[in-house]
Amino acid sequence: MGAIPISGPPMSSSLLNGLNPEQLAAVTLPAVPALILAGAGSGKTRVLTTRIAWLLSTGQVSPQGILAVTFTNKAAKEMLTRISAQLPINARSLWVGTFHGLCNRLLRLHWRDAGLPQAFQILDSADQLAAIKRLLKALNIDDEKYPPRDLMHFINANKEEGRRAHEVESWDDYTRQLKQLYEEYERQCRREGVVDFAELLLRSYELLRDNAPLRQHYNARFRYILVDEFQDTNRLQYRWLKLLAGKTDPLNRALGKVDTATGETIPEAAVFAVGDDDQSIYAFRGANVGNMRDFESDFAVQTVIRLEQNYRSHGNILDAANALITHNRGRLGKNLWTEECAGDPIRVFEAASDFEEAQFVVDEVRQLNREGQALSDMAVLYRSNAQSRVLEHALFQAGLPYRVYGGLRFFERQEIKHALAYLRLIANVEDDNALLRVINFPVRGIGNRTLELLGETARGTGTSIWQAACSGGAGRSAAAVGRFVQLIEGMRAQADGLSLPELVQLAIEQSGLLEFYRNDKEGQDRLENLEQLVSAAARFVQDNEDSVVDFLAQASLEAGEHEAAPGQDALQLMTVHAAKGLEFHAVFLTGVEEGLFPHDNSINDPQSIEEERRLAYVAITRARRRLYISLAQSRMLHGQTRFSIASRFLSEIPEDLLKWLNRGYAPAAMPARKPEKAAPEHGMRVGASVAHPKFGTGVVIDYDGTGKGANVQVNFGAAGVKWLALDYAKLTLVS
DNA sequence: TAACAGAGAAAAAAA
DNA sequence: TTCTCTGTTA
């Protein structure tokens with residue numbers, strides 16, 4: 001292993017400057033398995049990149065010996081950028097990427113051993129769903145009884161547990177059928193030469209598991225494996241890591257045999273797992289926090305380092321976050337601290353309605369902005385996307401520029417997907433997914449009936465729809481189908497000798513996409529996007545091989561930026577999930593109400609409540625200096641006014657850290673609303689303001705019973721929420 | 001084939 | 001409320 005040539009002052013000392021003792025210890029660990037519990041804002045990325053730079057610059061390992069894995073392309077890119085800023089190194093020789101990106105790399109290199117066609121295509125989740133719908137149709141399965149989404153989930157969940165169809169246990173007819181469909185789906189994918197996201201993982205896992213020489217090669221090669229966001233790994237990803245690290249997999253007897261047979265001692269890579277169990281918010285998509293404990297025991301981890309010093313937030317914000325998260329059980333344990341002062345208290349605002357809440361945000365943002373705070377350094381966070389509407393409306397009215405995260409991304413747009421489908425067909429005519437997407441777009445007179453016929457022919461002969469189309473079994477529309485076949489054949493014939501951007505240009509022109517959107521009065525944006533696709537292809541060939549297949553793979557793996565307004569100074573709006581990893585001077589956490597945050601769907605399950613609490617923890621720790629928490633007593637939800645009370649999470653934050661901006665707020669100011677139920681005879685409809693001699697004023701949020709048995713539930717704000725028997729309680733209607 | 005009406009559902013999301 | 005899906009109609 002050669003050392004990296006170093007120019008200038010000794011790299012290692014300047015590298016390590018400014019690290020705190022824990023960070024330094026983590027960065028300079030010897031080759032042992034280690035778990036780094038990195039709290040929010042504790043300099044996690046810095047530790048990861050500095051460790052890689054340190055390992056390289058001290059000559060302990062060559063770039064080939066390092067594998068670093070992340071979840072998002074953004075994180076991977078950031079890591080590469082920061083490493084190359086610290087070291088004069090060709091970043092491309094490093095294996096740094098997402099799980100899926102690295103698996104793709106592995107499978108492209110060893111496609112034959114993995115049993116894949118050389119030009120295999122990657123299905124994104126929309127493609128996968130389409131493929132499943134097509135399968136169900138082909139098999140004549142009632143999709144009411146077997147919803148495509150459920151089947152997709154079934155398949156992915158099993159793959160993520162490392163189970164092939166034949167390994168699925170089924171005790172009832174329903175599961176037996178799902179299992180059967182899983183098998184059929186795999187067959188279809190194999191025939192079409194496509195792999196879905198979960199398959200990328202599973203296939204490369206199996207490749208390493210079943211191919212001893214290959215595994216030994218990579219075991220010998222990767223001496224240091226670094227994992228970012230380890231708490232977000234799923235079971236399959238963890239097993240994949242174990243395999244790469246040279247750990248035998250107890251779940252897999254075959255592997256044990258191979259290893260005894262070869263008699264080789266497997267060298268074990270030093271796995272450096274960085275994560276934070278308190279920020280695990282992706283259980284719903286398969287993340288298994290338990291991997292952190294499993295890692296400790298499976299690898300006999302002796303080194304656990306806690307990065308608890310926070311460089312982001314003021315003390316009060318950290319205290320609030322710490323206090324909140326202690327309500328979770330079974331944590332690995334961590335307490336953030338800072339050298340900064342306590343700072344401002346957390347400002348709490350209880351609004352009468354979602355409109356008023358939005359208005360509050362507008363007013364505060366405007367005030368902060370007037371004081372010189374950049375809008376882009378402020379964020380409004382919410383639990384669910386539906387909440388953004390009211391906020392956007394108020395911001396728009398106030399003329400405050402804002403940017404909403406989420407929504408469609410570049411490679412997910414329909415015009416882009418259409419263009420890519422033509423490219424896919426050029427690369428592989430057997431790709432039924434791609435064919436069906438564009439055979440009649442732009443419209444060329446090939447309707448459903450024709451497609452059904454083609455589908456039947458294909459099924460009958462066990463071939464692709466393309467084959468069926470070529471053989472001319474298209475009934476009345478045979479001519480139209482023939483023209484389509486000719487169109488694609490023509491493109492394929494011209495493809496030779498064209499560069500990738502030229503090919504993209506050709507595809508969008510000859511397919512008629514360009515003309516179609518030119519004639520479409522709302523097609524202007526789409527035309528621009530198609531132009532951008534050509535530029536993207538041009539950019540791609542600058543840094544990569546001129547290969548359609550590689551370009552398509554990248555398009556699937558990196559869907560591109562979320563839709564966002566052009567780069568002026570704008571307030572940031574996003575879900576709490578989307579905010580993970582980001583930080584802002586001021587954060588507005590909105591909708592902190594029972595039923596919304598924690599969400600209704602998690603209220604009956606302690607595990608889910610804990611995940612919601614971690615989500616709140618993530619939200620709070622995004623703020624550097626100012627944190628606002630707001631809630632609304634009533635809000636429009638699904639077209640109905642819904643009344644709610646403050647979130648339990650709010651009461652889990654010590655009162656002395658909070659500053660209620662509108663304590664003693666008069667609920668009578670609430671606009672009249674239609675009662676939810678028939679008006680009760682006592683007149684205490686939902687939303688009515690009432691007064692109680694002891695609890696003060698409040699708002700009726702529910703009632704039941706009649707006559708002597710009548711009860712009403714009242715939100716008294718500071719005094720809490722109470723059910724009161726009307727017959728006894730001295731309640732009076734205000735106003 | 002395309003436009004339209006009515007039903008039903010609505011948590012979060014990377015690759 | 002608003003989006004998406006399905007089935008119907010011109």
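A quick note: this is a predicted structure, and the numbers were derived from the prediction, not measured. Order of the sequence lines fixes the chain letters, A, B, ..., with proteins taken first and strands second; residue numbering starts at 1 for each chain.
The base of dA11(B) is paired with the side chain of Asn601(A) by a donor and an acceptor separated by under 3.5 Å. Put simply, the side chain of Arg285(A) and the base of dA12(B) share no donor and acceptor less than 3.5 Å apart.
To the nearest angstrom, P of dT1(C) lies 17 Å from CZ of Arg642(A). Spacing between atom CD of Glu160(A) and atom C1' of dA13(B) amounts to 12 Å, rounded to whole angstrom units. When the C1' atom of dA11(B) is taken as reference, atom NE2 of His153(A) falls 14 Å away, rounded to whole Å. Residue Glu78(A) contributes atom CD, which lies 17 Å from atom P of dA14(B) at whole-angstrom precision. In this entry the distance linking OH of Tyr282(A) with C1' of dA11(B) reads 12 Å, nearest Å. Distance, Gln128(A) CD to dA14(B) P: 16 Å, rounded to whole Å. Rounded to an integer number of Å, the gap from Arg149(A) CZ to dA9(B) P is 14 Å. What separates CZ of Arg635(A) from P of dT1(C) is a distance of 17 Å, to the nearest Å.
Summary of the strand contacts: Ile446(A) and Ser556(A) both lie near DNA chain B, and taking for each the nucleotide with the nearest heavy atom, the more 5' one is attributed to Ile446(A). Comparing Leu615(A) and Phe71(A), the nucleotide of DNA chain B nearest to each residue sits closer to the 5' end for Leu615(A).
Between the side-chain ring of His577(A) and the base of dA12(B), no stacking contact exists by the 5.5 Å and 30° definition. Stacking of His638(A) onto the six-membered ring of dA10(B) is present: less than 5.5 angstrom between centres, less than 30° between planes.
Put simply, Asn73(A) has no side-chain N or O that comes within less than 4.0 Å of OP1 or OP2 on dA14(B). Contact annotation: Asn385(A) does not reach the phosphate of dA11(B) (side-chain N/O to OP1 or OP2, under 4.0 Å). OP1 or OP2 of dA15(B) has not a single side-chain nitrogen or oxygen of Asn104(A) nearer than 4.0 Å. An OP1 or OP2 oxygen of dA13(B) is reached within less than 4.0 angstrom by no side-chain nitrogen or oxygen of Ser125(A). At dT2(C), one or more side-chain N or O atoms of Arg389(A) fall inside 4.0 Å of OP1 or OP2 (strictly under the cut-off).
Residue His100(A) has its side chain nearest to dA15(B) when only dA15(B), dT1(B), dA12(B) are considered. For Phe197(A), the listed nucleotide lying nearest its side chain is dA15(B); candidates were dA15(B), dA13(B), dA11(B).
At a threshold of 4.0 angstrom between heavy atoms, the contacts of Asp124(A) with the nucleic acid are absent. Using a 4.0 Å heavy-atom distance criterion, Val443(A) is classed as a sugar-phosphate-only contact. Contacts of Glu199(A) with the nucleic acid, taken as non-hydrogen atoms under 4.0 Å apart, are absent.
Between the C1' atoms of dC5(C) and dA12(B), the separation comes to 23 Å (whole Å). A gap of 16 Å separates the P atoms of dA13(B) and dT4(C), to the nearest Å.
Heavy atoms from other residues, nucleotides or ligands lying under 6.0 Å from CD of Glu515(A) number 12 at most.
Relative ring orientation between Phe441(A) and Tyr517(A) is described as tilted, the plane-to-plane angle lying within the 30° to 60° band.
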Can you list the steps and then say if His577(A) with Phe284(A) is a ring-ring contact (aromatic ring centres under 6.0 Å, His included)? CA-CA 12 Å; His577(A) 280 93; Phe284(A) 71 90; 5.6 Å; yes
Side chain to side chain contact (heavy atoms under 4.5 Å, CB included) assessment of Val195(A) paired with Leu116(A): CA-CA 9 Å; Val195(A) 297; Leu116(A) 287 171; 3.7 Å; yes
When you look at Phe222(A) and Trp95(A), which way does the ring-ring contact (aromatic ring centres under 6.0 Å, His included) test go after all the steps? CA-CA 9 Å; Phe222(A) 295 126; Trp95(A) 277 52; 5.5 Å; yes
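Residues passing the salt bridge (Lys or Arg N to Asp or Glu O under 4.0 Å) test with Glu452(A) are Arg449(A), sequence neighbours excluded.
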